[in-house]
Number of protein chains: 4
Amino acid sequence: MGKNSNLRDRTACVILDAAGEVLSEFGNEANMNQVADTAGVGRATLYRYFPSREALLKAMSQRVVENVGKRLEEANLEEVSFEEAIHRITRAILGLSFPSGALIEEGIGFEPVEAKRLIMDPICKVFEKGAEQGAIRSEFSLELLSQLFIKFLRGGSLLVSKRISNMEDTAFAISSLFLDGVRNK
Amino acid sequence: MGKNSNLRDRTACVILDAAGEVLSEFGNEANMNQVADTAGVGRATLYRYFPSREALLKAMSQRVVENVGKRLEEANLEEVSFEEAIHRITRAILGLSFPSGALIEEGIGFEPVEAKRLIMDPICKVFEKGAEQGAIRSEFSLELLSQLFIKFLRGGSLLVSKRISNMEDTAFAISSLFLDGVRNK
Amino acid sequence: MGKNSNLRDRTACVILDAAGEVLSEFGNEANMNQVADTAGVGRATLYRYFPSREALLKAMSQRVVENVGKRLEEANLEEVSFEEAIHRITRAILGLSFPSGALIEEGIGFEPVEAKRLIMDPICKVFEKGAEQGAIRSEFSLELLSQLFIKFLRGGSLLVSKRISNMEDTAFAISSLFLDGVRNK
Amino acid sequence: MGKNSNLRDRTACVILDAAGEVLSEFGNEANMNQVADTAGVGRATLYRYFPSREALLKAMSQRVVENVGKRLEEANLEEVSFEEAIHRITRAILGLSFPSGALIEEGIGFEPVEAKRLIMDPICKVFEKGAEQGAIRSEFSLELLSQLFIKFLRGGSLLVSKRISNMEDTAFAISSLFLDGVRNK
DNA sequence: CAGTAAGCGAGACGGTACGTCGGGTCTTACC
DNA sequence: GGTAAGACCCGACGTACCGTCTCGCTTACTG
């Protein structure tokens, strides 16, 4: 399972990179041929790795989700204050250099289960801890707050990936705004 | 512009309604035949009104944009306080009963020019007036703030249209959070 | 039935002329719009007169058949010798200035019943009289001979209408060849 | 050019056979779907081989033309007397079991260039040789005579393919009539 | 002379065939 | 054995034409 698995992973990775490239250039109209050609791979091989277009998109989304999840894990969210956690989450998500992040974020092939486990759950925990510590005003449900925060981040990441604003300012603005709004006063 | 125009508008409207229905049921895989059948119209007529799939989606998006624009216009944003304007904008956008709002919000066929004129510009004016009156903290550019607010609203409208949260709570939460965050203290 | 009928006939005639013109220019790919436009008539009127494309073609064919029939009738075939009758038939058929004769002869919309009555029957009679008078060799069935003669004429008229050879020479050649071949020796 | 070419040829042949079958059954109203279905082939494949309806008809015509050409070649026209050559040509052409011969003869998709090279030219040579040998009366141009002969044959083949007369009688009648007519006396 | 009925042009409409294109399956040959 | 090349089937897309229909407009007939 050593080399083979590695080779498989490497080929899959090449394909995913190519797909990211093609999708971010041509949008959702990109076809499987372009992906295969860009990956330097036959169309058959492409279908062997990803049995359908949807599967490919899902895998791309999955990879992004895993990236974000890893960043969140590295951020040690459990061990810092609520405010700092919010800052870190924001930077973690906005800081991604999405190859086709925006596209996937537009909902092309989103895979919700893993996204929930790897992204939503850690964020929810942060909100729960913040609530326990009395750092969050209690008028709104945690569910709603965390969902809104996520959407806020999605919006911000779109701004960044479309070069409408730079990452630093946007992250700072999002964190500040959200914290000021959400903070118990 | 009399009867003929009305008839054209009526047929176009029937088609757009059907498209909304089909798209919200089958998602982006819905085909033109389904739309035509649901509209009770021949495929040729469908193409006579909307010369391509993309044109149809654009028109749907356009209609949503115009709806929002009309609501914003009726909201008298110019004559109320900044805070009240933010509340009204939020309710205006979240209060839409999107037939396929979510789909369009996902960016399937978005038409940016009209959206800017009818939605972005009034909102930007509100922010500008708020800034002049000193109601907004000056650390962030107005551009960034208004963009973030829009994305925030988009996120919220997704939550509502996907029944994750109800409209009233979401609108109130968005307005409150955003105002608390944005307000000059 | 007087004026009305005349008007009807005149309009129908204009349409048939236009159809002949269009068909001989564009071949069988000509569409009804072209015919209507060339006739200076609305498409609806065209369909009022000829309820289908096929009906139009049939009518065109019918008109040619009637023309030929009239010529044959004027030729007094019954009262001349077999040889002279053959000559007259040949000239009658080749002498038509087919507007779209060739096309119809190609079989686009041929109406066989009238053709038989107006064209085949007189010709067959000529052959029968010729046989009775012993002017025709008896080895071949009259049926076959007359059919072959018709086809021979069709071929010749194609040559003429496509300007491959002129009418006089062709008619003379056909009559002479056929008579020499068919004559009892 | 080995197997691949053979496969291509085989598939093309299957399609042409199917087209012949469908066309002779449904006439010129047969659609490409029927052809593809009858051939047991997808419509896309049909269009890969014959990029348009017209191309398919042309290919069918071409195949008939080649068949006739081959028969004429096998007939050794150069080495027999003029009379025998005329007999052989007649039998060669009338003897074809047209799958959709009549249709093509009706001129649906006729390809004139090859027809001239493979059919007209050998026949013309026969006439030229006949003229040199003094077997043909000199009053008519060879061009006209050969054209008329061709048309005569077309007429006869129509009679045969439409079962109006049988092949043997028709071929004998055509040859005899034409020879008697054309022969120098 | 006014009213009406019938024919007409214009053009929208439903339906269907055509030709293109992309997705997904499969075979063949290569390495 | 995995891969590249590519043929194949399926079905959607967008176009064009056919035949039907409705709408006003003109025109000619009628009271």
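In what follows, every chain begins at residue 1, and chains take the letters A, B, ... in the order their sequences are listed.
A donor-acceptor contact shorter than 3.5 Å links the side chain of Q34(D) to the backbone of N31(D). In this structure, the side chain of S61(A) does not engage the main chain of L57(A) through any donor-acceptor pair within 3.5 Å.
Side-chain proximity of N31(D) to dT25(E), dT15(F), dC18(E): nearest is dC18(E). You'll find that the side chain of A44(D) is closest to dG11(F), out of dG11(F), dG19(E), dC8(F).
Within the 4.5 Å cutoff, the side chain of V68(C) has no heavy atoms near those of the L118(C) side chain. Annotation: side chain of D17(C) is in contact with side chain of R63(C) (closest heavy-atom distance under 4.5 Å). Counting heavy atoms from C-beta outward, Q62(A) and E66(A) have side chains that approach closer than 4.5 Å.
The distance from atom CG of L57(D) to atom P of dC18(E) is 10 Å, rounded to the nearest whole Å. Rounded to whole Å, atom C1' of dA12(F) lies 13 Å from atom CG of L46(B). One can place CD1 of I15(A) at 11 Å from C1' of dT3(F), the figure rounded to the nearest angstrom. Between Y47(C) atom OH and dT22(F) atom C1' there is a gap of 17 Å when expressed in whole angstrom units. The nearest whole Å value for the distance from the CZ atom in R48(B) to the P atom in dA10(E) is 18 Å. Between M32(C) atom CE and dA16(F) atom C1' there is a gap of 15 Å when expressed in whole angstrom units. Nucleotide dA7(F) holds its C1' atom 14 Å from the CZ atom of R10(D), rounded to whole Å. Rounded to an integer number of Å, the gap from L56(B) CG to dA12(F) P is 16 Å.
In terms of position on DNA chain F, the residue among N33(C) and E29(B) whose nearest nucleotide sits closer to the 5' end is E29(B). Comparing S52(C) and P51(B) against DNA chain F, the residue whose closest nucleotide sits nearer the 5' end is P51(B).
Residues F50(B) and A59(B) come closest through the heavy atom pair CE2-CB, 3.4 Å.
Within the structure, every side-chain polar atom (N or O) of R43(A) is placed at least 4.0 Å from both OP1 and OP2 of dA4(F). In this model, the phosphate group of dC13(F) is approached by a side-chain N or O of R53(B) to a distance below 4.0 Å at OP1 or OP2. Applying the 4.0 Å criterion to OP1 and OP2 of dA12(E), one finds that T45(B) has every side-chain N and O outside that range. An OP1 or OP2 oxygen of dA7(F) is reached within less than 4.0 angstrom by no side-chain nitrogen or oxygen of Y49(D).
Take T45(B) and apply the side-chain hydrogen bond (donor to acceptor under 3.5 Å, both in side chains) test, not counting sequence neighbours, and it matches R48(B).
Remark: G40(C), V41(C), G42(C) in residues 35-42 of chain C come within less than 4.0 Å of DNA chain E through at least one heavy atom.
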